[in-house]
Amino acid sequence: MRAMGVWRRAWLLCKGSPQHGALVWTHRGLRTGAALLRGREDPPNYPSLTQEFDKFQKKLLVSLPKSKWSPLKSTKHLPPEHSDLVIVGGGVMAWSIAFWLKLLQDQTSTYSIVVVERDPTYSQASTVLSVGGIRQQFSRPENIQMSLFGAHFLLKINEYLGMVNEDPIDIQFNPSGYLFLSSEKGAEILEKNYKTQREHGAIGILYSPEQLKKKFPWINTQDVVLASYGLENEGWFDPWTFLTALKRKAISMGVEFCQGEVTGFDTVTQDMVTESGDLVTFTTIKNAIVSLKVFV
């Protein structure tokens, strides 16, 4: 079943054959912004079928005797029929992307965003299974700068992700520097990286074996020639708190969440001719096929 209409799906959910509470996998085609741009179509200005279905359900409940029973299931758990951006996977990277896209968009370029995640418990997600560490001891300036901003973001998290009438976010940040040890073979590289880190604002220190032993008496300094230790903005935090704070804030900004799994894409191939006369073929996504896990 691919890209079925909401009315047909509603009929499937209301069939009497499955037991109440049973799990059923169904599919839905989620139309992306590229599909509209390809044909220069304007988005429909009428209510979606999902909205019409919910209105019909409310009218039906009013006409029934006082009871919570309804022959029709709500469609609020379903994703929208169209979204400009679909983010596959709902980990910390996904919600961070959704948050920043919403924060940085202006009134003239607003767009809809849906995040699709198959397991909202995140029981096997790398986000919550990580130690939540942050450091600035990298070799590339880009990574150092991103991590410095990351530390600033964590320390000022309530200014970015805090919400009115909600408790302040306690990210449980534990400051503790990362310690890198080097033998004679890697000492030159470690010192070079340290200079790059200092040039871009990271605060750290180099230790000789004697200084290292004094600072950390329990470390075996045999074969250690040089050590690098972070003094500020390094440590670890609670990944689950960070994830839920990002998700809650993004949803409050208009990002939609869908529990499901993206199983495929419908694509459209187009040809373009460059100014020099070369033919370029490229592929755009028309639909994301989302497999939904729903109760009937």
Subject >> Exceeds 12 heavy-atom contacts within 6.0 angstrom, atom CD of Glu184 >> reply: no

**OP:** May I ask you to check whether over 12 heavy atoms, not counting those of Leu231, lie within 6.0 Å of atom CG?
**Re:** yes

**OP:** Step through the shown structure and confirm whether more than 12 heavy atoms of other residues, nucleotides or ligands are within 6.0 Å of CZ on Arg140.
**Re:** no

**OP:** Find out if a path of hydrophobic residues (ILVMFWY) with successive side-chain heavy-atom gaps under 4.5 Å connects Ile171 to Trp236.
**Re:** no

**OP:** Determine whether Phe242 and Phe153 make a side-chain contact, defined as any pair of heavy atoms from C-beta on separated by less than 4.5 Å.
**Re:** yes

Original post:
Taking C-beta and beyond as the side chain, do Leu155 and Asn233 meet within less than 4.5 Å on heavy atoms?
Top reply: yes

Subject >> Intermediate values then yes/no, side-chain hydrogen bond (donor to acceptor under 3.5 Å, both in side chains), Asp278 and Ser276 >> reply: CA-CA 6 Å; Asp278 297 325; Ser276 58; 3.1 Å; yes

Subject >> Neighbour count >12 (heavy atoms, 6.0 Å) for atom CG, Asp106 >> reply: yes

Original post:
Among the clusters formed by ILVMFWY side chains lying less than 4.5 Å apart, do Leu103 and Leu154 turn up in the same one?
Top reply: yes

Original post:
Is it the case that more than 12 heavy atoms not belonging to Met93 sit under 6.0 Å from its CE atom?
Top reply: no

Original post:
For Ser147 and Gln136, does a side-chain donor sit closer than 3.5 Å to a side-chain acceptor?
Top reply: yes

Original post:
Phe99, Ile113: one ILVMFWY side-chain cluster at the under-4.5 Å cut-off?
Top reply: yes

Original post:
Just wondering, do Leu212 and Leu181 contact through their side chains at under 4.5 Å, heavy atoms?
Top reply: yes

Original post:
Does atom CD of Gln211 have more than 12 heavy-atom neighbours, drawn from other residues, nucleotides or ligands, at distances under 6.0 Å?
Top reply: yes

Original post:
Do Val262 and Leu292 belong to the same hydrophobic cluster, where Ile, Leu, Val, Met, Phe, Trp and Tyr are linked whenever their side-chain heavy atoms lie under 4.5 Å apart, directly or via other members?
Top reply: yes

**OP:** Compute whether any side-chain donor of one residue and acceptor of the other, for Ser228 and Gln137, lie under 3.5 angstrom apart.
**Re:** yes

Original post:
If you look at every heavy atom in Trp240 and Thr121, which pair is closest and at what distance?
Top reply: CZ3-O, 4.1 Å

**OP:** Taking side-chain contact (heavy atoms from CB on, under 4.5 Å) as the test, write out the residues that go with Glu232, two or more places apart.
**Re:** Ile203

Original post:
Below 4.5 Å, heavy atoms only, C-beta onward: do Val225 and Ser182 meet side chain to side chain?
Top reply: no

Original post:
Do Tyr207 and Lys214 come within less than 4.5 Å of each other through their side chains, counting heavy atoms only?
Top reply: no

Original post:
What distance separates Leu206 CG from Glu191 CD, expressed to the nearest 0.5 Å?
Top reply: 6.5 Å

Original post:
For atom CG of Asp167, is the number of surrounding heavy atoms from other residues, nucleotides or ligands below 6.0 Å larger than 12?
Top reply: no

Original post:
With the 4.5 Å side-chain cut-off for hydrophobic clustering, are Leu161 and Leu243 part of the same group?
Top reply: yes

Subject >> Least distance between heavy atoms, Pro209 atom then Thr221 atom >> reply: O-CG2, 3.9 Å

